[in-house]
Structures are given as C-alpha cells and as structure tokens.
Amino acid sequence: PVDDPADGQDKDKEELDEHSTPVSPVSSPREPPPRPERTRKHMIPSTPPRFAKPPPPKGSTRNDDRFRAQSEDKGQTSWISARKKSHGTPTPEPTLSETDKAFRRTSSAMELSTSTGKLKTVSKTLANSAGVAVTRQKSASADTPKTTPRKESRKGTLSLARSFKSKKIKQRKSIITDYSAVQEQEKALEEHQAYHITQKQKGREESLRRLAEEDKNLEDDGKDYGDAVFGVPNFPRFIVMSGNEHYYQIRAATLFKLVERVTCLIPDFFEEYSEYCRIFFMTYRSFATPKEVLDLIIRRFKGMEGFGEEEENWVVPFSKIQQGACFALSQWYKDHYRDFSQSSILKRIVEEFIKQAEQQICGKRDMLSFLRKTVEEKNEKGSYCSFYSVVIDKDNCPAPILPKNLRAATFMDIDELEIARQLTMEEYDIYAEIKPEELQELAWSKESLKHKAPNVLRMIARFNHISMAFATLIVNETRIKQRKKMLEKLISVIEKLETMNSFNMQMAVMSSFGQAAVYRMKFTFEALKQKYKDSVVRFQQLFNAEGSSKNYREAIKKVSPPAIPFLGVYLTDLTFVDEGNPKYVEGGLVNFRKKQLEYDVIVQVLRYQGNPYQFNLVPQISNMIKNLPEMTEEEMYDISLVLEPRECRRKDVK
C-alpha cells in the first residue's frame, strides 16, 4: 500500500508538539478512527513513557531515582538494538498520546515550581543574614509563579547591598559621634587643667605676697634670740635668698633656717619643696650630723618658737608645719636608710617620736600614717648592706662559661664574656655601697677625710689594679704574635663590657693600652686585624676628655640600667665645684648654692645603685683577676725597650 502524505504531516506535528506548549489538535484531511472511551482509572498510564520523567514516589530517595533513570536508559538502548537487529535500520520512536503529553507538561511545571521555590528560600536566607526582611509575594497559581528565579535572586542581592550600605552609613555616623564626644572630653579636660593651673598660680602668688609682707622693711634689730631657733625673722644674718620665685630658693642660711624650710610644706610649691628636701638630705652631712638634724626636726614638730601672734595670722599654719616635719622625716628614712640602719640610737628615736606624735598631732594624720608605713617597710627589708644579695635572683642568672679544667686554667683560657661578667660583678659590689658623703669635700683626696670615702677609694684602687695588671699581661708576652693575641683578647673584653654598660671597667682596660710601655709598641698594634683597630679608635673617642668628656656624657644618657658610670669624670666635676665655691659664706652661713651643685653631680654617680646585674659570681675567676701580677711603670718600660727597641724595623722584632 502507498503511504498517504497526510500521515507524514500528522506525525511531524505530533513530534513538534512534544517540545512546545499545548495547543488544540489541528485537524487533518484524514482523521484517525475514533478511540473507545476510557474510564478514570485509565487516564493515567500504568507505565510512564520513556520520554517523561515521573515524579518520585513517596519514601523514595535520590539513589532510587538515579537507579530508575539508569534502568530506563538501559531498556531504551536494548530496545533500539533489538529493532536494529530485526529490521536493519532504526525505527522512529513511537508518538505520544494527548494524555502522555499532558502528563509531561505537568511534570515540567512541577520541576520549574520546585526550582523557583528553592531560589526563593536562598534569597530569603541571604536577606535575613543582612538583617533585611524580604517580602514574599503570593503567586497567582502553583504552576506558574509571577517572578522568575533570576529576578527573585537579583532582588535579594539588591536588598543585601542596600542593607550593607545603610549599616556602613550608621557606622560612619557613630564614629563621627564618638569622635565629637572625645573632642568634647579633651576640651573639658584642657579647661579643667587650665583652671587648676590658674588656681595654682593664684595660690603661689598669694603665698609669695604674704611671705614678702612678712619680710617687708625687715631691719636687723641685733637681738639675740637665744634658744628660739625657729620662727625668728628672716634677717640676712640668718638666711639669704637667691631669688623670689618660690620659698625654697636659698643661697645661704644657718642650719636652723635650712631645717625650718625643710619642715615648712607649702602645697602651692610642692615640687620645689620636694626638690629642696632631696638636696638637703643628700648633702647635709658636710655641715651637720644625722642626730643634730633629727633633733631639730622633732623640735620643730613639737611647737612654734619666736611667734607671739595667733595661729590664723601665721604665714604657714602649724598643722602644715607638722605635716611637713612628718613628710621630711619619711623622705629621709626612705632615701637614706643607712643613716638609721647603722645607728640603733637614731632608729629608736624615730620609733618613739611616732608614738608620741600620734597623741600630739593636730589636724590630719595622713602624713604621720605615711611616716609609720615607710619606717615599717624599710625595717622589714633589713639593712642596706643586705640589699645587694636580696635583689639578685640567682635562678634567672645565665650559666657561667667555664673552661674544662678551671683549676689549671690561665687568663687566656677564660672566655671573654665571662671575664667581663666577673669584672662587672666585682665592680658593682663596690659601686652599690658608695654613700653621698663620700663624694663631698674631696674626701677621697684628703688625708684627714679619707676615712669618710672607703668605697670611692676601693673603686679607685681596683681601677688602677686592672690597668697595671692588664698592661703587665701584654708586656710579659715576648713574641709579637702572642702580644697580638693578648691585645685582641683584651679588646674583646672591652666590647663585652660595652654591652653591659660597665663604663668604669671599660676605661680601666683602655687605660692599660695607654701605659707608656704598651703605647710605644707600634708594631704590635699594627699587627692587629682591622676590626680590632677600629674598636680601639672608637673607645678612645668615647673616653676622650675634650669638651669635658662630651662623648661619654652623651653616651651614658642613652643607656638603660643596670650600668656603672665612669667615676673619674664625676670626681673631676666635684673637684671643680669644691675648689670654686667656699663651704661657708657671709658670716658663717652654709653655702647652700654649693650643695645644689654637688647634688647635681652626686645624683649622676649614684643613679644606678638600685639596679644590680643578674650574673653569678665565680670566685675562681674573680680571684684569678685579683691576683694578677703587677709591674711598676719603670719595669714595664724597660721590658718594652727590649721587645721593641727604639728606631728598630719590623724585621728586627720577633
């Protein structure tokens, strides 16, 4: 039979309808025979077609769907292969009925709705994380949502961007607000400080005015005030001021007037008062004894002398004087405890004074409580001599560097770092015990006063020993190669001392190179490596005396404790101060200006006493250095002439 062309057209139309939206069937010239009516149970095919993916049954999993899809693909492949074997050519796929087409369209709509719902959920989660609620719109129908997934996703992204932008704006506003609040606080603080400065200045001016009125038109009446040593008029025979800027600007005064100002605490001049107390208690031993000063302070605390007026007319109230006496005594006890630790009499006097003062003091007791607390704390720590052993923590000290056979070791066998440590430890043990009175009145250079400066003399003797002993070590080496090694070792020791800020020992070792017997050995110094030559030049510049040791003074300002200053520089300064300023002036008044100059130098010397080195002392090495032999300058010079004769050439030196 001949195929009708209309059948081909219908078949093409049915294949086209499978991939397009549902339309009403198109009539053809030749319609197929009518089909029998199907009941409701036949509306859904029992076996789903190959080309439509059925919805997964309830309780199925993703793996079940994947297995079903693989089975369907496998069945389709086997069916096509069977057709190829039977007919030789592939047979076109069977057409779908209208019911199958409707089922396929329904499945596609369900998949689209499911994917749209997932996108909506993601968009909502993203919006909620940014703190923005996304308004959900109800769809007109379950099959066709109003908004596509792409628009919904874009809407969520825009909402997130807006939320971030608004949050950033809020943060900027809060930062601006905080910055404005900080500026307001700083402005209020500045105004508060300016107000207090103004009030303090007014108080200072008022105090100076009252003090000036007290001394106005003051003429010496020549009267003998007897035992009334406090409160007497400020006649020039008792006190001479060096200026009128504050109450403690004294040039010269009697001991009684100096103690009177020590116990006169004026709050408007507290900084100047504290500085005055520090100067007085560090330098008073050159013109008074500790017991004399202590008796005067207690006498000053007990009552006023020389006043016949009422207390409200006094320039300084009696309560302030008592507080000043307690404060001065506490500063003395704290900063110069050795005055009391070495005298049980003074310590007992202070303890009895505190008990009596608690019953006699009028007004506030804060200064008296401060004095009692200071005394108890210092007494618990023990004497000043035990301070050195208490502060050093031996557990945190680095392990010493020792040779294998320490007993048979020579100086060349000891490590340079350990030599520097032992030199520094021995030096600091002496330095920490120096007292302020040892540095006054040139006690270290006067035979009648040398008993007052034992520790300064010990440091000077140790300095000289190191200088001569190390020079002897160099001269004792008969060959230039061995002298070169000894020089390099000593230069390495100086470099290690530099890292420890041990300036006094640095200069002691450097001075051994300056001995005439060593300094003239030019061939020995020329044999040194360049780095050692550079180190020698650098240390020579550091301790150069030009410009009043300018290089050294600048270097020690930059160091951090612990440190040991070069004592020679400050002994020279104290010599100039003592020789250029007399001890007493203008009728036996104490030259307090000289004491101020001495104080400036002594503070620089004793500044590092409270910061010990954390090293372990090795007695074997320390004793080895102490027992190094010394030659006189003449003996070393004679040996030097033998080793390197005058006008000799390099080839003549062994």
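All figures in this text were calculated on a predicted structure; none of them were measured in a lab.
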Residue set satisfying ring-ring contact (aromatic ring centres under 6.0 Å, His included) with F281, at least two apart, ordered chain then number -> W332
From CA spacing to verdict: ring-ring contact (aromatic ring centres under 6.0 Å, His included), F327, Y273: CA-CA 11 Å; F327 180 80; Y273 169 73; 5.7 Å; yes
Is it true that, when you exclude K583 itself, more than 12 heavy atoms of the residues, nucleotides or ligands shown sit nearer than 6.0 Å to its NZ? yes
Can you confirm whether M507 sits close enough to L567 that some side-chain heavy atom of one is under 4.5 Å from a side-chain heavy atom of the other? no
Would you please indicate if the ring centroids of F353 and F301 are separated by under 6.0 Å? yes
Can any side-chain N or O of D429 pair as donor or acceptor with the backbone N or O of M425 at less than 3.5 Å? no
Within a strict 4.5 Å, meaning less than it, do heavy atoms of the V293 and F280 side chains meet? yes
No-hydrogen, no-angle side-chain donor-acceptor test under 3.5 Å, S548 and R553: yes
Judged by atom type as modelled, is there a donor-acceptor pair below 3.5 Å linking the side chain of E292 to the main-chain atoms of T289? yes
Using a cut-off of 6.0 Å, state whether more than 12 heavy atoms not belonging to K446 lie near its atom NZ. yes
Please test S640 against R520 for side-chain hydrogen bond (donor to acceptor under 3.5 Å, both in side chains), starting from the C-alpha separation and ending with a verdict. CA-CA 8 Å; S640 176; R520 62 173 301 278; 2.9 Å; yes
Check the pair Q440 / T283 against side-chain hydrogen bond (donor to acceptor under 3.5 Å, both in side chains), numbers first and verdict last. CA-CA 8 Å; Q440 300 178 52; T283 60; 5.3 Å; no
Would you check if S467 and Q515 make a side-chain contact, meaning some heavy-atom pair closer than 4.5 Å? yes
No-hydrogen, no-angle side-chain donor-acceptor test under 3.5 Å, S622 and E426: yes
Would you say the side chain of H336 lies within less than 4.5 Å of the side chain of P436, judging by non-hydrogen atoms? yes
N/O donor-acceptor pair under 3.5 Å between T472 side chain and M631 backbone: yes
Would you say K533 has more than 12 foreign heavy atoms packed within less than 6.0 Å of its NZ? yes
Give the minimum heavy-atom separation between P267 and L265, together with the two atoms involved. CD-O, 3.6 Å
For the aromatic rings, using the six-membered ring if either is Trp, is the centroid distance between Y337 and Y333 under 6.0 Å? yes
Between W444 and L571, does a side chain to side chain contact (heavy atoms under 4.5 Å, CB included) hold up when you go through it step by step? CA-CA 9 Å; W444 66 91; L571 296 182; 3.8 Å; yes
Is L423 close to I419 at the side-chain level, that is, under 4.5 Å between some pair of heavy atoms? yes
Going through the checks in order, is the side chain to side chain contact (heavy atoms under 4.5 Å, CB included) test met by F470 and L487? CA-CA 9 Å; F470 284 5; L487 268 177; over 6 Å; no
How about T575 and E579: do any of their side-chain heavy atoms sit closer than 4.5 Å? yes
Distance-only side-chain donor-acceptor flag, T374 / S330, under 3.5 Å: no
Does any donor atom in the side chain of S535 or E495 lie under 3.5 Å from an acceptor atom in the other side chain? yes
Would you check if the side chain of S512 reaches a backbone N or O of A508 as a donor-acceptor pair within less than 3.5 Å? no
Minimum heavy-atom separation for K291 to L346, with atom names? CA-CD2, 3.8 Å
Counting neighbours of NZ on K373 that are heavy atoms of other residues, nucleotides or ligands and sit closer than 6.0 Å, is the number greater than 12? no
Will you find, in the side chains of K496 and S502, an N or O donor that is under 3.5 Å from an N or O acceptor? no
Any sub-3.5 Å donor-acceptor pair from E438's side-chain atoms to V456's backbone N or O? yes
Are side-chain N/O atoms of E418 and Q422 paired as donor and acceptor at under 3.5 Å? yes
Is there a donor-acceptor pair closer than 3.5 Å between any side-chain N or O of Q482 and the backbone N or O of T478? no
Measuring only between side-chain heavy atoms, which start at C-beta, is Q596 closer than 4.5 Å to F592? yes
Let me see the working for K595 and E598 under salt bridge (Lys or Arg N to Asp or Glu O under 4.0 Å), right down to the final yes or no. CA-CA 5 Å; K595 301 306 167 186; E598 289 179 348; 3.4 Å; yes
With no hydrogens and no angle check, do the side chains of D413 and T410 hold a donor and an acceptor under 3.5 Å apart? yes
Residue list, side-chain hydrogen bond (donor to acceptor under 3.5 Å, both in side chains) with E546, at least two apart or on another chain: none
Answer yes or no: are there more than 12 heavy-atom neighbours, outside I639 itself, under 6.0 Å from its atom CD1? yes
Does T524 have any side-chain hydrogen bond (donor to acceptor under 3.5 Å, both in side chains) partners at least two apart in sequence or in another chain, and if so, which? R483, E644
Kindly write out the residues that satisfy ring-ring contact (aromatic ring centres under 6.0 Å, His included) with Y519, not counting sequence neighbours, or none if the list is empty. none
Between I625 and H465, what is the shortest heavy-atom contact and its length? O-NE2, 3.0 Å
Stepwise salt bridge (Lys or Arg N to Asp or Glu O under 4.0 Å) check, D578 with K594: CA-CA 8 Å; D578 188 82; K594 177 182 179 180; 3.1 Å; yes
Worked check of side-chain hydrogen bond (donor to acceptor under 3.5 Å, both in side chains) between Y284 and D339: CA-CA 12 Å; Y284 79 90; D339 291 348; 3.0 Å; yes
If we ignore hydrogens and angles and just use 3.5 Å, is the side chain of N501 paired with the main-chain N or O of S560 as donor and acceptor? yes
Please check: side-chain N/O of N551 versus main-chain N/O of Q541, any donor-acceptor pairing under 3.5 Å? yes
Partners passing side-chain hydrogen bond (donor to acceptor under 3.5 Å, both in side chains) against E554 (at least two apart in sequence or in another chain): none
When you measure from the side chain of E377 to the backbone of R372, do you find a donor-acceptor pair of N or O atoms at a distance under 3.5 Å? no
Can you tell me if Q530 and D534 form a side-chain donor-acceptor pair at under 3.5 Å? yes
Hey, which of R338, R285, K452 is the one that makes salt bridge (charged side-chain N to carboxylate O under 4.0 Å, His left out) with E437? R285
List in chain and number order the residues that pass side-chain hydrogen bond (donor to acceptor under 3.5 Å, both in side chains) with Y570, two or more places apart in sequence or in another chain; answer none if no residue qualifies. Y552
Within 45 degrees of the ring normal and closer than 6.0 Å to the centroid, is that where the cationic atom of R421 sits relative to F615? yes
Measure from the side-chain N and O atoms of T632 to the backbone N and O of E635, and report whether any donor-acceptor pair falls under 3.5 Å. yes
Evaluate the side-chain proximity of L402 to I414: yes if any heavy-atom separation is below 4.5 Å, no if none is. no
Y248 ring center near F269 ring center (under 6.0 Å): no
Answer yes if the ring centres of Y608 and Y428 are under 6.0 angstrom apart, and no otherwise. no
Can you tell me if CZ on R479 sees more than 12 non-hydrogen neighbours from other groups inside 6.0 Å? no
